[in-house]
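Here the structure comes first, spelled out in structure tokens, and everything after it is commentary.
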Amino acid sequence: MSSSTNKMWGGRFAGGMSAIMERINASISFDKKLAEQDIAGSTAHCRMLAKQGIIPAEDAEKIVAGLAQVLEEIRAGKFEFRTDREDIHMNVEARLAEIIGPGAGRLHTARSRNDQVATDFRLWVRDALDRLDEDLKLLQSVLIRHAEEQADTVMPGFTHLQNAQPVTFGHHCLAYVEMFGRDRSRAADCRARLNENPLGAAALAGTPYPIDRHMTAAALGFDRPTENSLDSVSDRDFAIEFLSLLSLISMHLSRLAEELVIWTSAQFGFVRLSDGFSTGSSIMPQKRNPDAAELVRAKAGRVNGALISLLTMMKGLPLAYCKDMQEDKEPVFEAEDTVALCLAATTGMLDEMTVNAARLRESLEGGFPTATDLADWLVRSLGMPFREAHHVTGAIVKIAEDKGLRLDELPLADFQSVHAPIHEGVLAVLTVDASVAARKSYGGTAPDQVRAAVARAKERFL
Ligand code: ARG
């Protein structure tokens with residue numbers, strides 16, 4: 001079975017393409033997502049061709065108007081995307097020819113689908129980065145709000161998921177604000193690096209026509225033309241960098257999701273998700289499951305998969321363009337959709353989440369979270385070397401453990417039985433509130449530091 005020979009390269013082909021060839025070759029099912037960018041690129045290219053006297057002005061006017069009509073048809077859902085026209089570039093151009101006639105054939109002067117697709121895809125990733133930055137900012141704003149509200153709320157800080165030292169819930173939230181802040185700065189770096197115009201590299205070697213690549217760069221919001229024509233059509237670093245960024249974001253979201261899963265369990269009960277972000281069980285009526293958090297955690301796997309797909313697809317390709325590179329789009333589109341959904345779900349969960357401050361305080365009861373404060377007191381008030389203080393503290397913790405008491409409940413005599421010079425001054429440092437309040441170092445968990453950090457975070461990020 002063969003379809004017609006009505007193809008852009010029809011000149012030297014006698015027979016049509018086999019149906020299977022058409023199927024493996026076509027990318028329109030997914031690259032139609034590049035329609036807006038494709039038309040923007042073609043419009044800029046056409047205006048430049050006319051300005052440079054490469055094509056007649058009357059044809060250029062018709063082309064620009066025709067492209068605008070194609071765009072309208074696409075936006076209105078009236079455009080017929082055809083597999084026999086292979087990809088978005090040929091679909092748009094073929095429809096343009098139907099609308100304006102043979103003059104449409106002048107649009108493809110001094111360019112190739114190779115520089116065209118490189119341009120479209122960069123423009124698409126650039127838009128995606130801008131949306132991503134907005135989404136990350138929104139998530140940060142919710143985290144900062146919790147940080148402000150919970151600047152004084154004590155909770156166990158963990159290492160090895162064992163109670164380590166008391167921190168505040170606000171401080172914990174701000175840790176994620178930093179992570180997502182770094183992600184935003186990575187997005188900005190990625191954007192700055194990709195923002196160069198490949199259009200005009202043509203198939204791979206540049207073009208003999210007197211084109212103006214600076215003009216198309218400016219029209220498309222690029223900072224400058226790319227330097228090397230071979231690199232322009234064969235570089236997909238920007239897509240890989242974008243996917244690395246999405247992987248990092250997914251990893252951060254997954255860690256946060258894991259905390260939500262732990263925190264919503266009955267054993268922890270630190271927070272409660274809203275009904276809107278919980279699911280029930282069909283058999284156990286008491287259940288409130290954190291499905292959204294679990295799915296955010298799970299979906300990180302897909303995003304990592306997309307990154308590995310692209311790295312693997314690119315790693316053996318000789319210069320310049322190879323058709324392999326058509327496979328760059330689906331992983332990027334899929335990962336972008338996934339991360340956008342995960343960001344929305346996480347922001348939604350956090351926005352409606354309530355914090356159980358009493359439960360957070362209660363969970364500090366076990367595990368002697370102020371033991372480090374006791375050791376620090378021995379160093380600061382009695383001049384003891386830290387290693388010895390660590391040892392003395394261990395012996396005191398053992399007594400408290402045997403008696404089933406917290407350190408701030410233990411009688412002074414028990415402290416003195418381990419080390420006689422200990423006096424009642426020690427009692428002031430053993431409560432969790434004293435512990436967090438003491439951690440006033442820059443970036444520390446003291447409520448005053450958290451409030452100052454919230455103010456800085458608003459300045460830096462919102
Ligand atoms: N659909 C193609 C892609 O996405 C466009 C470039 C085709 N170039 C070519 N020489 N066949 O990569």
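Counting starts at 1 for both ligands and their atoms, in listed order. All figures in this text were calculated on a predicted structure; none of them were measured in a lab.
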Would you please name every residue forming a side-chain hydrogen bond (donor to acceptor under 3.5 Å, both in side chains) with [X], sequence neighbours left out?
X: Glu36; result: Arg75
X: Asp237; result: none
X: Arg182; result: none

Given a heavy-atom cut-off of 4.0 Å, could you list the residues near ligand 1 in chain and number order? Ser27, Asp31, Asp87, His89, Arg113, Asn114, Val117, Tyr321, Gln326, Lys329
Testing Lys329, Arg131, Arg302 one by one against Glu336 for a salt bridge (charged side-chain N to carboxylate O under 4.0 Å, His left out), which residue passes?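 So the option named by the test is Arg131.
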Measure up the Phe169 and Trp263 rings against each other and bin them: parallel (under 30°), tilted (30 to 60°), perpendicular (over 60°). tilted
Note: Lys78-Glu73 ion pair, threshold 4.0 Å (strictly below):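 No, this pair does not count.
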